[in-house]
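For reference, the structure discussed in these notes is given below.
Basis for what follows: all heavy atoms, side chains included, without hydrogens, waters or symmetry-related copies. Since the model is a prediction, treat every value here as computed from it, not as a measurement. Order of listing sets the numbers, starting from 1, for every ligand and every atom in it.
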Amino acid sequence: MTAPPRRTEPIRFFLPGPSYVTEETREAMTAPVVGHRSKAFREVYARLAAGLPEVFRTRRDVPVATGSATLGMELALVSTVRSSVLHLVAGAFSERWHAIGTALGRSADRLDVPWGQAIDPDLVHRALRRKRYEAVTVVHNETSTGVIQPLAEIAAAVREQSDALVVVDAVSSLGGAPVETDAWGLDVVLTGSQKALAAPPGLVPFTASERAEERAGAIEHRGWYTDLLRYLHDHGEGGTITTPAVSVAYALDRQLRRIAAEGIEARWRRHASLRDRVARWLDGRGGELGFAWASEALAAEPGVRSPTVSCLRPPPGLAAPELVARLAARGFTLGGGYGAWKATTFRIGHMGEVAEADLDDLFTAIEEATSES
Ligand SMILES: Cc1ncc(COP(=O)(O)O)c(C=O)c1O
């Protein structure tokens with residue numbers, strides 16, 4: 001039997017990534033660094049290889065690259081798209097994916113929806129009727145806006161209308177919101193260790209469907225560090241392609257045990273209730289604190305609000321960076337606004353190991369900070 005997770009210490013760190021890393025998981029990183037081809041590390045890697053598919057909900061392998069999550073975004077495009085790709089753009093990270101497609105010299109089209117809104121699967125359908133694409137990229141959870149996209153419906157629309165691969169950034173959703181890689185027919189899914197998995201940054205677990213693997217095989221130049229097939233091959237041999245972030249692997253190993261003990265579906269439910277807690281607090285206290293009426297202060301449309309990050313507009317007359325600074329003075333770390341929303345929003349990351357009691361303490365601090373003259 002796996003031991004139940006130790007009670008998490010109070011959390012005051014609410015960045016939407018990297019997220020808070022518990023003391024226990026930090027301690028796991030103090031184990032001696034070993035050679036990555038040693039028996040000791042191969043055992044650690046074998047546990048990651050066994051545990052990650054359960055979190056990704058796939059029967060396929062989940063290799064682990066060392067880098068930041070953006071490596072996964074680039075790797076997925078280099079390895080599966082020869083020329084034409086459609087990027088669904090609804091915030092800063094989906095903008096980045098389009099920028100990567102362009103930087104790689106691909107014919108990178110974009111389908112834009114306004115920030116804060118969901119991507120309508122019908123629009124995707126129509127775009128795919130107009131032109132053939134090898135892949136469609138989707139950022140499942142737009143960390144910049146606090147929107148979780150209807151990924152299952154988008155993937156269904158892509159598959160119904162075309163043979164384009166569905167390539168997904170699940171960086172700030174995986175481990176905190178349902179991601180059903182196999183059941184939803186997702187071809188590539190990538191994440192980072194530092195978000196809802198709640199390990200430090202440095203590792204990029206990803207999947208590739210059989211279709212994605214076949215497409216990669218037909219692309220001649222996939223780079224070296226970005227070659228999806230190299231990762232799959234070496235993963236099959238029980239290891240990584242180069243020296244991995246060994247200590248972060250120890251931390252991820254510890255986190256996977258914690259996630260298994262909580263249960264992935266229970267973890268999704270906990271995150272959903274954190275999202276609902278934010279809306280309930282705004283409904284109860286937001287108006288008197290000067291926020292826009294009730295949960296209207298949330299920048300994401302109702303129905304697609306993210307379980308891992310809430311993006312809020314501060315009360316009129318109080319700039320978002322000022323509010324974030326006042327909270328920092330009280331010992332609470334929040335995310336500022338991102339990209340085009342930098343000055344007008346702030347973000348509460350409630351991903352990883354955050355509990356409702358932590359949010360309650362944060363709300364008290366926000367109540368004090370907004371009342372400060
Ligand atoms: C949705 C999403 N995609 C990609 C990234 C990029 O991650 P990294 O900074 O690890 O490259 C982030 C980081 O915040 C993100 O939130």
Side-chain angles (χ1 to χ4, degrees), residues 13-21 56 64-78 87-101 103-104 110 113 115-116 118-119 136-151 154 166-179 186 188-207 225-226 244-245 248-249 251-252 255 271 275 299-300 304-311 333-342 345-352 354:
F13 188 80
F14 296 94
L15 276 192
S19 61
Y20 183 79
V21 179
F56 278 78
V64 180
T66 283
S68 91
T70 305
L71 166 69
M73 299 165 85
E74 184 149 338
L75 175 161
L77 283 191
V78 172
H87 297 284
L88 308 184
V89 177
F93 293 102
S94 36
E95 292 257 3
R96 178 180 298 177
W97 225 348
H98 175 256
I100 293 171
L104 289 170
R110 53 193 284 167
V113 306
W115 284 36
I119 296 161
V136 176
T137 69
V138 195
V139 173
H140 184 202
N141 191 75
E142 251 302 348
T143 324
S144 58
T145 63
V147 169
I148 187 147
Q149 299 295 350
L151 181 57
I154 293 169
V166 182
V167 181
V168 178
D169 165 331
V171 173
S172 59
S173 57
L174 195 115
V179 175
L186 311 176
V188 179
V189 177
L190 65 102
T191 195
S193 46
Q194 78 274 27
K195 303 270 184 177
L197 297 175
L203 294 176
V204 185
F206 67 92
T207 63
Y225 202 61
T226 50
V248 184
L252 184 57
Q255 276 304 111
H271 282 82
R275 170 198 52 211
V304 286
R305 287 179 181 152
S306 163
T308 59
V309 55
S310 294
C311 183
T333 304
L334 294 192
Y338 205 97
W341 284 9
K342 199 173 177 57
T345 63
F346 66 99
R347 294 170 305 149
I348 304 172
H350 32 79
M351 57 179 78
V354 173

Numbering the atoms of ligand 1 from 1, which are under 4.0 Å from a heavy atom of [X]?
{"X": "Lys195", "value": "12 (C), 13 (C), 14 (O), 15 (C), 16 (O)"}
{"X": "Asn141", "value": "1 (C)"}
{"X": "Ser68", "value": "8 (P), 10 (O), 11 (O)"}
{"X": "Asp169", "value": "1 (C), 2 (C), 3 (N), 4 (C)"}
{"X": "Met73", "value": "4 (C)"}

Problem - Criterion side-chain hydrogen bond (donor to acceptor under 3.5 Å, both in side chains) on Ser172 and Asn141, from CA distance to verdict - result: CA-CA 6 Å; Ser172 59; Asn141 191 75; 2.8 Å; yes
Please examine the side chains of [Y] and [X], heavy atoms only from C-beta on, and report whether any two atoms are closer than 4.5 Å.
{"X": "Ser306", "Y": "Arg275", "answer": "no"}
{"X": "Tyr338", "Y": "Thr143", "answer": "no"}
{"X": "Val171", "Y": "Lys195", "answer": "yes"}
{"X": "Thr66", "Y": "Tyr225", "answer": "yes"}
{"X": "Thr137", "Y": "Asp169", "answer": "no"}

Fill in the blank from the handout: When every non-hydrogen atom of Trp341 is compared with those of Ala299, the smallest separation belongs to CZ3-CB, 3.3 Å
Practice task
Fit a plane to each ring of Trp97 and His87, take the angle between them on a 0 to 90° scale, and name the class: parallel (under 30°), tilted (30 to 60°) or perpendicular (over 60°).
Solution key: tilted
Completion exercise
Honestly, for Thr70 the part within reach of ligand 1 (heavy atoms, under 4.0 Å) is both
Exercise for the section: Check Val139 against ligand 1 and report side chain, backbone, both or neither, counting heavy atoms closer than 4.0 Å. Expected result: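 For Val139, only side-chain atoms sit under 4.0 Å from ligand 1.
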Completion exercise
among protein heavy atoms, the one nearest atom 16 (O) of ligand 1 is Thr143 OG1, 2.5 Å
Practice task
Could you check atom 12 (C) of ligand 1 against the protein and tell me its nearest heavy-atom contact, residue, atom and distance included?
Solution key: Phe93 CE2, 3.3 Å
Practice task
Report yes or no: does a heavy atom of Val204 sit under 4.0 Å from some atom of ligand 1?
Solution key: no
Exercise for the section: Counting heavy atoms only, name the option from Pro18, Ala170, Ala69 that's nearest to atom 7 (O) of ligand 1. Expected result: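 Minimum heavy-atom distance to atom 7 (O) of ligand 1 goes to Ala69.
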